[in-house]
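In what follows, a single structure is set out as structure tokens and then discussed.
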Number of protein chains: 2
Amino acid sequence: MKPQTIKVACSNCNLRELCMPLDLNAEELRRIDELVTTRRKVKRGATLFHNGEKFNSLYAIRTGFFKTCVAAEDGRDQVTGFQMAGEVVGLDGIVNDHHTCNAIALEDAEVCVMPFERIEELSREVNALQRHVHKIMSREIVREHGVMLLLGSMRAEERLAAFLLNLAQRLHARGFSPSELVLRMTREEIGSYLGLKLETVSRTFSKFAEDGIVEVRQRHIRILDAPALQHMAHPVACH
Amino acid sequence: MKPQTIKVACSNCNLRELCMPLDLNAEELRRIDELVTTRRKVKRGATLFHNGEKFNSLYAIRTGFFKTCVAAEDGRDQVTGFQMAGEVVGLDGIVNDHHTCNAIALEDAEVCVMPFERIEELSREVNALQRHVHKIMSREIVREHGVMLLLGSMRAEERLAAFLLNLAQRLHARGFSPSELVLRMTREEIGSYLGLKLETVSRTFSKFAEDGIVEVRQRHIRILDAPALQHMAHPVACH
DNA sequence: CGGCCATTTGACACTAGTCAATGTGAGTGG
DNA sequence: CCACTCACATTGACTAGTGTCAAATGGCCG
């Protein structure tokens, strides 16, 4: 067992290909290592940052699972995303120097803290980092376009199918089974993300199970018929 | 009348405070002027860029009005935003070097073409520009969070009220009346943006009119009771 | 002036929401 | 180790809000 004192650096982090640019030379790699000033553990249920908090850093998720949510004045809130290892949260804070959403750990988690000042400084000198930062933000914009499409024009079954496929695909990219997953969030949180009530989420799961498309045991999901799920998510794909 | 040959530069563009950073010295201003290589006119109904097209530039809108929309495989499409003078479109293209949505002019328009390579180059040297680019992208992310809240948890009346208030506020910031506006988009486009069918949009307009909250004459809208609209958009604000 | 597209309005259908009761597991403390 | 508790999940019955389909109206452009 490795001694605890080894500082895990980006340069030898096994998530590097997920959260950092790939085409770096040795010198650039060394400098990237300086991006992460500290790491921070976040207990399940605790907030990484919250609405109104001063923005200082972006956070790269090392382990664990987060949700981000925005709140309306009247108390309703909307989950805007679920984030897992290798993904970056905190981008919402840049524009007004204050965060506009809450990031809450859905399981014990650890994040790399990257002061934004330092990111900007370094990305002036390392072109690959500059490009990378731009891509991360653009990717988030494109992801949100997809969510808007989902919320604006899909029905409950389609939404849940798309959600499961997306989750499975991201987990698969991280080395997990492409067909078996454990949900880290409640039905209510899924519903909030998908613009549905928790009862509807539950019913839709049950329907998928009846149809033999997925197996549902609480939060343990096994995708039995991925093509059928695909088809649910994009219903009228045939012409 | 000024001669046509005068090249309008960012440095003396009346939209500067909308689309460019403010705190620039003379030298930086001169360099920013080099960002815009050309201007491009887009006729009403024409596309500025479309899904799948190679990404090269961001576009700052000088005049006119655009919609951006993403398309699902099955033909459905979702309007992801309406953009007006001083706003920037094209950010979706950065992540994959190809655009993932269509930008279509809703009235004759003119845009400033800003090659992204040049933006990146210059923002390495002009800190204010770097910061500005980051803010523009972050602002778009935050805007989309708001749309997700709207699509995920608001009812038809609330959505339309929020939409009208947002449009009015943006137009007001551009020197137009805060209470009188001309919609540049159809009911169907509004519906697509708000996740509603065009009939629902129409009915909701009619209801607002009956209630004396707005006056609706085709696409001419006059807001008669802004507080009431505010209240519609944030229904349970009282405790 | 005519044709066309956008809009409005009505009647009805259906999806998802609401409210309520019941079931299930994970974790806790006796 | 077991019973208890609590949060989460499931299911049913009913309802409200939008969608769907269809018809009529109104403006605008050629």
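Predicted, not measured: the structure shown is a model, and the values here were computed from it. The sequence lines fix the lettering, A, B, ..., with proteins before strands; numbering per chain opens at 1.
- In this structure, CD of Glu215(A) is placed 13 Å from P of dT10(D), rounded to the nearest angstrom.
- The shortest side-chain heavy-atom distance between Cys13(B) and Arg62(B) falls under the 4.5 Å cut-off.
- Contact annotation: Ser206(B) side-chain N/O to dT9(C) OP1/OP2 distance is under 4.0 Å.
- Of the candidate nucleotides dT9(C), dT8(C), dA9(D), dA9(D) has the atom nearest to the side chain of Arg219(A).
- Within the structure, salt bridge (charged side-chain N to carboxylate O under 4.0 Å, His left out) contacts touching residues 44-56 of chain B (residues at least two apart or in different chains) are Lys54(B)-Asp97(B).
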Donor-acceptor pairs are to be reported for all side-chain atoms of residues 143-154 of chain A against protein atoms at under 3.5 Å, with residues two or more places apart or in another chain.
residue	atom	partner	partner atom	Å
Arg143(A)	NE	Glu140(A)	OE1	3.1
Arg143(A)	NH1	Thr80(A)	O	3.4
Arg143(A)	NH1	Tyr193(A)	OH	3.1
Arg143(A)	NH2	Thr80(A)	O	2.9
Arg143(A)	NH2	Glu140(A)	OE2	2.9
Glu144(A)	OE2	His145(B)	NE2	3.0
His145(A)	NE2	Glu144(B)	OE2	3.0
Ser153(A)	OG	Leu149(A)	O	2.9

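- Between Glu157(A) and Lys207(A) there is a salt bridge, since at least one side-chain N of the basic residue sits less than 4.0 Å from a carboxylate O of the acidic one.
- Atoms NE2 (His220(B)) and P (dA6(C)) sit 16 Å apart, rounded to a whole Å.
- Using a 4.5 Å cut-off on side-chain heavy atoms (C-beta onward), Cys69(A) and Asp77(A) make contact.
- For Leu160(A) and dT10(D), the CG to C1' distance is 15 Å, given to the nearest whole Å.
- Atom NZ in Lys207(A) sits roughly 15 Å away from atom C1' in dC14(C) (whole-Å rounding).
- The side-chain hydrogen bond (donor to acceptor under 3.5 Å, both in side chains) search around Glu215(B) returns none, not counting sequence neighbours.
- Summarising the geometry, the separation between CG on Leu151(A) and C1' on dT15(C) is reported as 16 Å, rounded to the nearest angstrom.
- With rounding to whole Å, Arg217(B) atom CZ is found 15 Å from dC28(D) atom C1'.
- If Met185(B) and Gln218(A) are placed on DNA chain C by their nearest nucleotide, the residue sitting closer to the 5' end is Met185(B).
- With sequence neighbours excluded, no residue forms a salt bridge (charged side-chain N to carboxylate O under 4.0 Å, His left out) with Glu17(B).
- Arg184(A) has its CZ atom 16 Å from the C1' atom of dC8(D), to the nearest Å.
- Taking atom CZ of Arg187(A) as the reference point, atom P of dG23(C) lies 18 Å away to the nearest angstrom.
- Checked against dA6(C), dT8(C), dT9(C), the side chain of Val216(B) finds its nearest nucleotide in dT8(C).
- To the nearest 0.5 Å, the span separating CD on Glu107(A) from OG1 on Thr63(A) amounts to 7.5 Å.
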Protein heavy-atom contacts under 4.0 Å, written 5' to 3' over nucleotides 12-19 of chain D as B (base), S (sugar-phosphate only) or - (none), form the string BB---SSS
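- Residue Thr186(A) is classed as a sugar-phosphate contact, given heavy-atom separations below 4.0 Å to backbone atoms only.
- Defining each end axis of the helix from dC1(C)-dG30(D) to dG30(C)-dC1(D) as the rotation carrying four pairs' C1' atoms onto the next four, with five pairs an end, the two axes are found to diverge by 40° to 10 degrees.
- In this structure, Arg170(A) pairs ionically with Glu87(A), as a charged nitrogen and a carboxylate oxygen lie closer than 4.0 Å.
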